[in-house]
Every structure is written in structure tokens, then in C-alpha cells.
Amino acid sequence: MSVMVCQRVVKAVLNVCGWVGLAVLVGIGWLTGCQSLRSPPFNADSTVLPTDVSPFSAYQSAIKSWLMAHRHPVKFDLHTEAELNTPFECGEGSSKGILLVHGLGDSPYFFTDISKPLCDRGYWVRTLLLPGHGSQPGDMLNATYQLWQHTVDVQVDAFAQNVDTLYLGGFSTGANLVTVTASKRNDVAGLLLFSPAMLPRFFVTRFAPWFTGITPWPNVEPEDNPARYNSIAMQGFAAYQGSVNAVQKVFATHILQLPYFAVLAEGDSVVDVKGVALQLAEHVDHPQNMLVWMGSPQNAPLSAYVQPFPLEQQRILAASHMSMLFSSHNALYGPNGSVRICDNGQPADIEKQCHDALPDALWYGPWGQEGDGRIVTRLTFNPYFDDMMMQLHAFLKHTGQAD
């Protein structure tokens, strides 16, 4: 049986039956021989991404050199794709710093659009690259929560020496990591949390650590996205679950006394957004906390700032897990960008039409969005981007850290 057929069966079982169904496949020995992906992009490199390098310019250089030696390009040339995945900074020299941490399978590129307006407002913004990311999906086989948390802690320590005021921000898994770091420090001015993945929508991710040696590749897709992986190794999910466990341990023992700015999408297919909103309200205490809710006003948490969805005139059915970070002008993920995510949990015939369709024939939504016969692609941009940034600037001003 071909590897691709095996992967499709595993993915279908996970979607329909969860990890209990996968355990049945393991028990009957069906997965034997299915999990051997021998092409280089799906094998772990013998070396690991540099982490403990300073100053930041040397860290950037070390990462860029490592990526030039180890990345497998999927869409553009090697230099371009290495640049897209290399940590960056802007606004150097300001006394007000913001460190941003990406999510599972993603890259520093995810913060390109929000960084520029922040730097234009006088902030020094830095990003990092978590080990296992930016090169090839196989390098996620070496990922661990401990290594990710160490990377964040090291970069926060270094940045804190350069600024008087420090905010920590993160997307998805990155939001978990910065929250854990903030709980161990007394010099963090606030948290910026985009789709914080503190509670997964599916209980089954708790079992990922036990399946890493049995089914290392639960999700294999063609790689065509230069700034994120389409395929995630089970070890990546296990490391993500480690970040969930760590942030839940923090919430079980701490009430964090610092402000947060959080953005949640009601249609998020990854995160239990209602549960996360409740946990933030209960465990992160500050009078200037702000929650932006991208969804129905009727379902919004109390006191949330609402950006209403759907937007029928723009053919947008709901916001997605990743959409908030990108403006409509983004070269990769805007409506006219070069990347279109058609693997959206829809039938194969609709997915094929998605790849071939003109932009004005598409509708947008999160993974799993029902289209009622319409061609639905992943929403990868934020129709409220400028408004979200206005709210973020207001948050920073109200917490006393903006000019």
C-alpha cells in the first residue's frame, strides 16, 4: 500500500473516529509499513537549528546559514525561502520591545504584517524561529516542548537586556510559550496573544506523545507553502501538547498580574476559543485586558470587542485560526497572494475546483467550513486588519507604554 494512501486513511480515521480509531489500526497491525517516508523532506536532519547564539545579529546569521544548508525549497528559490523563515527585527534601538513567537509548523514570516506598524509606532520588534521549523517537515521529528521553551527563554533573556519595557507576543503555540515565560519573570509589561492555543478543540491531542513512535506522520500533504509546513509530524503535535500542559500548570498555580491583548476567532478549528477566553478572564488579571472576538456578537464573551462575521459581500464565512495576522495586501496570504490553502476539509472535487478557480469564485473560511456547494478556501487574511491594529495600538497606549 502506498504511503499517500496510508496517510489518507490515517487522516480520515483521526477526523472521524479520533485517536481511539487510530489505536484500533495500531492494534491490528495495519500501520506496519505505512509510516516509512524516505524522501529527504520527511527525515530529520542530523543537526539542530541554532538557539543559544547572541547577539541577535549573530543569531540571525546562524539561522540563515543553517537554513541555506538544510532547507528544501517548495515554491521559490532557496535564498528567498530561507529569508522568509529567518528571524527578523525592526525598530532597533527603541526602549520598548516586543518579542513575537510563531506557532506549530509556522515561521517568523507570520509576523511581517503586524511588525511594521508596531515599529512605525516606536517599538523594537523581534522574532525567533523554533527548532524543527523553517527547513523541512522531517526536522519536526526532533522537536520537543522543552527545546522550544528554552529557545523562547534564551531570546527573552537577551532582549530584556536591550529594552526598558518588554512585551511578549505569540501566535497559537507561541502564545502558550510566551505565557509560560511571562509566569517566570517580573519584567514583562504585557502579553499579545493571537489565537492562543491553550486549550485544543480536540481532546485527542493529549494522546500525541504516546503515538510518536507508532505513527510518526498522521498528516502528510504536498509541500507548497514557503512560510509554513503543510505536513506535521506526530512529534510536533506532542511538543505542542507539552506547551498546553505547561500553560495549564501555570494557570493551576498562578493568577498572572499583567495585561493581555488577545484575539480569538469564533470559527477557529484548532482552539476551544470559549474555554480559552474563560481561562484568560480567570487567570490573567488586569483592568486593561482586552479581548478581540472575530465572530458573532451573540456568541462573544462578555466585554469583548467584536469584529462581526460572516461578511457575505466579501465572500467570507468565518475567520480562521491564522487569518488575523495578515493584511489583504500580504504577498503570500492576501486574496491575490501566491499561496492558496485548498486543503480545507472539503470533498476532493471541491478541493480540485479550489486550486483551479479564479479569486472572485472563491469563498473563505476556517478548516472544515461548510460551503453548501460553494468553493471554500482557507481564510488567510484579516478583513479587519487595520481595525485590529488600531485596537492593539490603543491597548499599548492604555497600558502606559506608547507615546
Side-chain angles (χ1 to χ4, degrees), residues 8 11-12 14-16 75 103 105-106 109-110 113-114 171-172 194-195 197 201-202 219 221-231 263-274 292-300 304-389:
R8 287 175 177 171
K11 187 175 180 181
L14 281 170
N15 288 340
V16 176
K75 193 175 185 70
D106 304 322
Y109 180 82
F110 271 51
D113 288 356
I114 71 169
F171 167 65
S172 192
F194 303 92
S195 294
R201 189 171 176 183
F202 302 106
N219 179 38
E221 303 290 345
E223 294 296 323
D224 61 359
N225 195 324
R228 70 186 294 265
Y229 298 153
N230 293 338
S231 310
V263 187
L264 293 170
E266 181 181 6
D268 194 321
S269 62
V270 177
V271 177
D272 174 3
V273 291
K274 285 291 188 71
V292 176
W293 178 258
M294 306 177 75
S296 166
Q298 291 78 15
N299 296 328
Y305 178 85
V306 178
Q307 295 176 329
F309 285 83
L311 300 171
E312 295 281 342
Q313 290 188 339
Q314 299 180 54
R315 304 188 307 282
I316 297 174
L317 299 171
S320 75
H321 182 67
M322 68 177 286
S323 60
M324 61 196 61
L325 290 176
F326 302 101
S327 81
S328 60
H329 304 293
N330 187 275
L332 292 184
Y333 299 125
N336 296 309
S338 59
V339 173
R340 181 183 296 178
I341 303 179
C342 292
D343 175 27
N344 215 37
Q346 54 198 341
D349 60 327
I350 299 294
E351 182 174 335
K352 184 179 185 306
Q353 293 177 53
C354 171
H355 286 291
D356 300 333
L358 295 174
D360 60 4
L362 295 171
W363 286 72
Y364 300 93
W367 189 93
Q369 176 70 54
E370 294 290 337
D372 296 325
R374 294 173 290 195
I375 305 171
V376 181
T377 187
R378 190 80 50 83
L379 180 66
T380 54
F381 61 92
N382 184 354
Y384 291 105
F385 182 82
D386 290 342
D387 182 58
M388 182 191 74
M389 292 306 301

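These numbers come from the heavy atoms of this one structure, side chains and all, not from hydrogens, waters or symmetry mates.
The distance from the CD1 atom of Ile375 to the NZ atom of Lys352 is 10.5 Å, given to the nearest 0.5 Å. Rounding to the nearest 0.5 Å gives a distance of 11.0 Å between NE2 of His329 and CZ of Phe381. A distance of 4.5 Å separates CG of Leu332 from OG of Ser338, quoted to the nearest 0.5 Å.
The backbone N or O of Cys342 sits less than 3.5 Å from a side-chain atom of Gln346, completing a donor-acceptor pair. Within the 3.5 Å criterion, the main-chain N or O of Ile341 finds a donor-acceptor partner in the side chain of Thr377. With hydrogens and angles ignored, the 3.5 Å screen pairs no side-chain donor or acceptor of Lys75 with any backbone N or O of Val339.
Side-chain contact check for Val273 versus Trp293: some heavy-atom pair is nearer than 4.5 Å. Side chains of Asn225 and Arg228 form a contact here, defined as non-hydrogen atoms less than 4.5 Å apart. For the pair Phe326/Phe110, a side-chain contact is recorded, criterion being any heavy-atom separation below 4.5 Å from C-beta on.
Closest approach of Val271 to Ala197, counting heavy atoms only: CG2-CA, 3.7 Å. Nearest heavy atom pair, residue Ser327 against residue Phe385, reads CB-CD2, 3.7 Å. Here the closest non-hydrogen pair linking Ser195 and Phe171 is CB-CE1, 3.8 Å. Here the closest non-hydrogen pair linking Pro335 and Ser328 is CD-O, 3.2 Å. Closest of all the heavy-atom pairs between Leu311 and Pro308 is CD2-O, 3.5 Å. Taking every heavy atom of both residues into account, Leu325 and Asp113 meet most closely at O-CB, 3.6 Å.
For Tyr305 and Tyr384, the ring centers sit 6.0 Å or farther from each other.
When the shell of 6.0 Å around NE2 of His355 is examined, it contains more than 12 heavy atoms from other residues, nucleotides or ligands.
Looking only at atom types and distance, the side chain of Asn382 has no donor-acceptor partner in the side chain of Tyr333 under 3.5 Å away. A side-chain donor from one of Asp387 and Gln307 sits under 3.5 Å from a side-chain acceptor of the other. Neither side chain, Asn344 nor Tyr364, offers a donor N or O lying under 3.5 Å from an acceptor on the other. Side-chain atoms of Glu266 and Ser296 include no donor-acceptor pair closer than 3.5 Å. A donor and an acceptor atom, one from each side chain of Asn230 and Asp343, are nowhere located under 3.5 Å apart.
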Return a table of donor-acceptor pairs under 3.5 angstrom between the side chains of residues 315-324 and protein atoms on other chains or two or more places apart.
residue	atom	partner	partner atom	Å
Arg315	NE	Leu362	O	2.6
Arg315	NH2	Pro359	O	3.1
Ser320	OG	Met322	N	3.4
Ser320	OG	Ser323	N	3.2
Ser320	OG	Leu379	O	2.6
His321	ND1	Asp268	OD1	3.2
His321	ND1	Asp268	OD2	2.7
His321	NE2	Ser172	OG	2.8
Ser323	OG	Ser320	N	3.1
Ser323	OG	Ser320	O	3.2

